[in-house]
Amino acid sequence: MEMKFIPIDFDYFDYEGKNYIEIFGRNEDGKKICVIDFFEPYVWAILEDNLKEKKINEILSRINSISLNSKGRETKVEKTQIKEKNFLGKSVKAIKIYATNYKDLPEIAEHLKIEGIEKIRGYDVGITTSYIIEKKIEPMNWYKISGDVLNESDDFGGIDRIIETDFVIKLEKFSSLKEENFSPKVLCYDLETDSLKPENGEILMVSLYGENFKKVITWKKKKTKHEYVEFVKDEKELLEKFTEYLKKISPDFLVGYNSDSFDLPFLKTRAKILKIQLPLGIDSSEPSISKGVFTRGKINGITHVDLLKFIKTTYSQYMQSESMSLKEVSKEFLGDTKKDFELRHSSKISDWEKYFEYNLHDSNLTFQLFEKFWPDILEFSRVIKEPIFEISRNGLSKQIESYILHHLEEFNEIPEKKPGISEIEERRRKGNVEGAFVYEPKPGLYEDLAMFDFTSMHTSIIISHNISKETLTDSKKNSTESPEILVGGKRKKFYFSKKRGFFPEILKGIFEKRKIYKEEYQKNSNLITKARSNAFKLLSASAHGYVGFFGARYYSWEASSTILAFVRKYNLETIKKIENSGHKVIYGDTDSVAFTREEKPKSEIKVLLKKLNDELPGVMHIDLEGFFKRGLWVTTRSGETGAKKKYAMINEDGNLKIRGFETVRRDWCSLARITQDHILRLILKEGNEKMALEYLKEIIEKLKKRQIEKNEIMIKSSIKKPIEEYKSITPHVVAAKKMQEKGIVFDPFTSVEYYVAKTNTKSKLIRDRIKLNGEPGEYDINYYLQNQIIPSVENIFQVFKIDVKEIVDGKKQEKLGKWF
DNA sequence: ATATACACGGATCCCCTATTTCC
DNA sequence: GGAAATAGGGGATCCGTGTA
């Protein structure tokens, strides 16, 4: 049979000791397909230099005789091939060793510690990744496939009778197609339970939401006018109904929000407690929950997506939301707000109709979010060449590494291994590399500024200077030297070969595509071009972080420190050049320089920019970040020095760029944030601090008169580790403990909220005076004045030689006039 | 499990010394 | 009068959250 096929999810099974790949996807008619293919797992043995043929043959015969019994499985070396390959900048002779079963590769590798073999590699690349590399059947791309349809067949132990797809096909031939269009079948779900722990509470209801499908399944028989509410007898039937709908709809993606750690494990545990099966998989298998710091919930044949994870790793750096809750995230991306509903124990719920609505709404929001992010998810999968199950969960280092692994073939390169535990420890012991340079600003209000910044600075340095683990060399010949680096107190230079390395070349590919897709997006703005641009932007931006990451295959201390030495060098040189052309540099951080125009026209600034760019090597480039009417820099809280990473500028359209100020920090109360923001705006827009001071006085008056609303004084923060691990018992820890006493379960990243109240305790510690939102009490005027309002604005007014403290205390107010 | 370094600033912790309290 | 308790100052450290 012949058909078009788009692979979505990859898995494998063993049959008679060998590995077979299962690919789940759709054909052109939207039928669900499982493609079965044979896969021969292999490892690489890299030979020592200049081995005699006789020696190589000896090694080969030893390898070919390897046969072992592993966990009741007969495994042996099936065949070997000698290949000319590259490994970390060297041409090598290597033996490609095929073994019976993928799971035995590490054990085979143990038996390869033979004289003449220098290194063994490739045993730690995942089976799906290896398969995709080897066969070039990539996720989310269309193929024309042909092969036998298995129907009531005994092949592979009768697997087609277990797998509930429209067709199970044994792959014979395939070829790539150009088509791109694909609309996935998506089902979103959300549970409502009586407890956060499955041991302590039942599932009250579960909602499902897909295209033309909405459903709330519940055993709580309450009155409702909604047709989508379906009643079942009890929790057991609820689970069965859920399974039934999942099978009937048979989506490509089952999507939840935080469902890896909550919904799916909850379903599984409840089924276990009720002693029933939960056969969600396409082969009627139960979902598998892999425990770790981050749990992953997998369902065979259906890609389970936890949308929270994807959004967190991919977008949280660029998001405005102050938490990753469904409510906040939906607000940011959909403009929709979550229905308000106070979650409580079912025995205390009075309005069940609202609860049903709320439950469905969450699935609905998840569905809308998935639709919104679908172009990005699809593009990530295509670009990185890993299934959506992986790319929707993996962190940045894994994404980069996957991209690299899938591009090594183009360089005939054997993959490097993952570092072992001792190697990781060693890398961590070696300590951090020195980072970027930050220019210390002189506090003040400046007029008519320009800001330059380097485009993708670290990445363009790697590419332009050919820096990476494999280009590092001892030889000064045919290499370029790094700027001086301090290693254990001594100045040192590293050398990098002039011969292009695969790592910088792969990055160059990313860099160029990022440029192309960015231009494409600017020319033709749509969700696809945006997603493509985003994918390459993210890969490009995290490349240097990957090189310095202790868990990376291509980690290199020398490369990382050299990249950063170049970062410092280029920034300092640019600062100097801008100063030499008659400007006053105000500030610079890593890849940017802000300076005053000194009455020079914009055209002249652009000429300067061109001159700077002409002097840069390779793909390095400086951009004009913008012209600004005014900019404000302040001192640090303690002392006379100018504060770094803290400034506010206004451009000529009146838009503000505020960095680092309390305004943008979520761990300050909104009263302080809003006050500071307003004051910054008044100063920057008008260039006049007088109005700002009047405004401040009004706020202080209101505060003193207790006219400030509770929500404006709440201080938010989040818990980052188990509460008992805190060495310092800070207010936010106390708030967390108070919440815990109320029965709220704490995961890392739970946010807490509290305010400082007026109490009659003698203690001077703030933690003894905090109260949660619901707790009755009055706010401590003095605290909010001295610890929130004043600190947030004091340094701003200090620029204008106004002492806010004196004004607050009512002293010297009459003398104020002399400043104006 | 896990991209990097630099930076600010609040709050507590901890050590030291001076002062007060108690017998 | 002397020992123990307490207060307070100040630097170190912890901690969360920013910028790049």
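Naming: A, B, ... by sequence-line order, numbering from 1 per chain.
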| request: Going by the salt bridge (Lys or Arg N to Asp or Glu O under 4.0 Å) test, name the single residue among A:Arg429, A:Lys417, A:Lys418 that passes it with A:Glu423. | output: A:Lys417
| task | When you get a sec, tell me which of B:dT12, B:dA5, C:dG16 is the closest nucleotide to the side chain of A:His732? | result | C:dG16
| task | Please state whether the rings of A:Tyr554 and A:Phe502 are parallel, tilted or perpendicular, taking 30° and 60° as the class boundaries. | result | perpendicular
| said: Suppose we screen for side chain to side chain donor-acceptor pair (under 3.5 Å). Which residues come up paired with A:Lys537, at least two apart in sequence or across chains? | reply: none
| query | Should the ring pair A:Tyr546 and A:Phe503 be called parallel, tilted or perpendicular, given that the plane angle runs from 0 to 90° and is split at 30 and 60? | reply | parallel
| Residues A:Arg296, A:Glu390: salt bridge by 4.0 Å N-O rule | yes
| request: Nearest whole angstrom, please: distance from the P of B:dG10 to the OH of A:Tyr755. | output: 23 Å
| Does a nitrogen or oxygen in the side chain of A:Lys644 sit under 4.0 Å from OP1 or OP2 of B:dA7? | yes
| remark: Which of C:dC15, C:dT19, B:dA5 is nearest the side chain of A:Lys727? It is C:dC15
| message | Quick check for you: among B:dT2, C:dA20, C:dG16, whose closest atom lies nearest to any side-chain atom of A:Lys720? | response | C:dG16
| request: Before accepting this row, confirm whether a basic side-chain N of the pair A:Lys398/A:Glu386 lies closer than 4.0 Å to the acidic partner's carboxylate O. | output: no
| request: Write down the distance between CD1 (A:Ile461) and C1' (B:dA5), rounded to a whole number of angstrom. | output: 14 Å
| query | With a cut-off of under 6.0 Å to the ring centre and 45° to the axis, is A:Arg428 in cation-pi contact with A:Phe550? | reply | yes
| message | What is the distance, to the nearest angstrom, from the CG atom on A:Asp260 to the C1' atom on B:dA1? | response | 13 Å
Strictly under 3.5 Å: I want the nitrogen or oxygen pairs between protein and nucleotides 15-18 of chain B, one per line.
none

| message | Which residues in residues 385-398 of chain A have a heavy atom closer than 4.0 Å to any atom of DNA chain B? | response | A:Gly395, A:Leu396, A:Ser397
| query | Looking for any heavy atom pair under 4.0 Å, which part of the strands does A:Asp453 touch: base, sugar-phosphate only, or nothing? | reply | nothing
| Going by the salt bridge (charged side-chain N to carboxylate O under 4.0 Å, His left out) test, which pairs reach into residues 546-563 of chain A, not counting sequence neighbours? | A:Asp124-A:Arg553, A:Glu401-A:Arg553
| query | Does a salt bridge link A:Lys430 with A:Glu426, judged by any charged N lying under 4.0 Å from a carboxylate O? | reply | no
| message | Just N and O in the side chain of A:Ser718: are any of them under 4.0 Å from OP1 or OP2 of C:dT17? | response | yes
| Which part of the nucleic acid, if any, lies within reach of A:Glu434 when heavy atoms closer than 4.0 Å are counted: base, sugar-phosphate only, or nothing? | sugar-phosphate
| query | Looking for any heavy atom pair under 4.0 Å, which part of the strands does A:Ile400 touch: base, sugar-phosphate only, or nothing? | reply | nothing
| request: Would you mind classifying the nucleic acid contact of A:His458 as base, sugar-phosphate or nothing, using non-hydrogen atoms under 4.0 angstrom? | output: nothing
| field | Proximity to the side chain of A:Tyr783 - top-ranked nucleotide from B:dC13, C:dT19, B:dA11 | value | B:dA11
| field | Interatomic distance where NZ belongs to A:Lys716 and P belongs to C:dG18 [whole Å] | value | 12 Å
| field | salt bridge (charged side-chain N to carboxylate O under 4.0 Å, His left out) partners of residues 461-471 of chain A, not counting sequence neighbours, each pair once | value | A:Glu416-A:Lys469
| field | Counterpart residues, side chain to side chain contact (heavy atoms under 4.5 Å, CB included), relative to A:Glu725 (two or more places apart) | value | A:Lys721, A:Pro722
| task | Measure from CG on A:Leu765 to C1' on B:dA11 and round the result to the nearest Å. | result | 9 Å
| Selection from C:dT17, B:dA7, C:dC15 that lies nearest to any side-chain heavy atom of A:Ser717 | C:dT17
| task | Using only side-chain N and O atoms of A:Arg659, determine if any of them is under 4.0 Å from OP1 or OP2 of B:dC8. | result | no
| request: Please determine, for the side chain of A:Asp591, which listed nucleotide (C:dT17, C:dG18, C:dA20) has the closest atom? | output: C:dA20
| Does A:Arg568 count as lying over the ring of A:Tyr570, i.e. NZ or CZ under 6.0 Å from the six-ring centre, within 45 degrees of the axis? | no
| query | In whole Å, what is the span from the CD atom of A:Glu794 to the P atom of B:dC8? | reply | 17 Å
| task | Select one nucleotide: of B:dT12, C:dT17, C:dA20, the one nearest the side-chain heavy atoms of A:Thr590. | result | C:dA20
| task | Could you tell me the separation between the NZ atom of A:Lys291 and the C1' atom of B:dA1, rounded to a whole number of Å? | result | 14 Å
| query | For the residue pair A:Tyr647 and A:Tyr587, does the interplanar ring angle fall in the parallel (under 30°), tilted (30 to 60°) or perpendicular (over 60°) class? | reply | tilted
| message | Once you apply a heavy-atom cut-off of 4.0 Å, does A:Tyr647 come out as touching a base, just sugar-phosphate, or nothing? | response | sugar-phosphate
Any protein N or O atoms within reach of nucleotides 7-9 of chain C? Criterion: under 3.5 Å, listing atom names and distances.
| from | atom 1 | to | atom 2 | distance (Å) |
| --- | --- | --- | --- | --- |
| C:dG8 | OP2 | A:Lys764 | NZ | 2.9 |

| request: Give A:Arg665 one of three labels, base, sugar-phosphate or nothing, depending on what nucleic acid heavy atoms sit under 4.0 Å from its own. | output: base
| request: Could you pull out all residues at least two apart from A:Ser763 that satisfy side chain to side chain contact (heavy atoms under 4.5 Å, CB included)? | output: A:Thr761, A:Leu765, A:Asp768
| query | Is A:Gly545 touching bases, backbone alone, or none of the nucleic acid, heavy atoms closer than 4.0 Å? | reply | base
| task | Could you identify which residues of residues 666-679 of chain A place a heavy atom less than 4.0 Å from some atom of DNA chain C, listed by residue number, or say none? | result | A:Arg666, A:Asp667
| Once the angle between the rings of A:Phe437 and A:Tyr439 is folded into 0 to 90°, is it parallel (under 30°), tilted (30 to 60°) or perpendicular (over 60°)? | perpendicular
| message | Please enumerate all residues that pass side chain to side chain donor-acceptor pair (under 3.5 Å) together with A:Asp667, with sequence neighbours excluded. | response | A:Arg665
| Nearest of C:dC15, C:dT19, B:dT12 to any side-chain atom of A:Asp589? | C:dT19
| field | Heavy-atom check, side chain of A:Glu434 versus side chain of A:Ser561, under 4.5 Å | value | no
| Which of residues 547-567 of chain A have a heavy atom under 4.0 Å from DNA chain B? | A:Gly548, A:Phe549, A:Phe550
| message | Could you tell me how far apart A:Met319 (CE) and C:dT19 (P) are, to the nearest whole angstrom? | response | 15 Å
| request: Please work out if A:Tyr726 contacts a base, only the sugar-phosphate, or nothing of the nucleic acid, heavy-atom cut-off 4.0 Å. | output: sugar-phosphate
Ignoring hydrogens and angles, write down the donor-acceptor pairs under 3.5 Å from the side chains of residues 655-663 of chain A, residues two or more places apart or on other chains.
| from | atom 1 | to | atom 2 | distance (Å) |
| --- | --- | --- | --- | --- |
| A:Lys657 | NZ | A:Glu625 | OE2 | 2.7 |
| A:Glu662 | OE1 | A:Gln676 | NE2 | 2.9 |
| A:Glu662 | OE2 | A:Lys646 | NZ | 3.3 |
| A:Thr663 | OG1 | A:Gln676 | OE1 | 2.6 |
| A:Thr663 | OG1 | A:Asp677 | N | 3.4 |

| field | A:Asp260 with A:Lys309: basic N within carboxylate O range, under 4.0 Å | value | yes
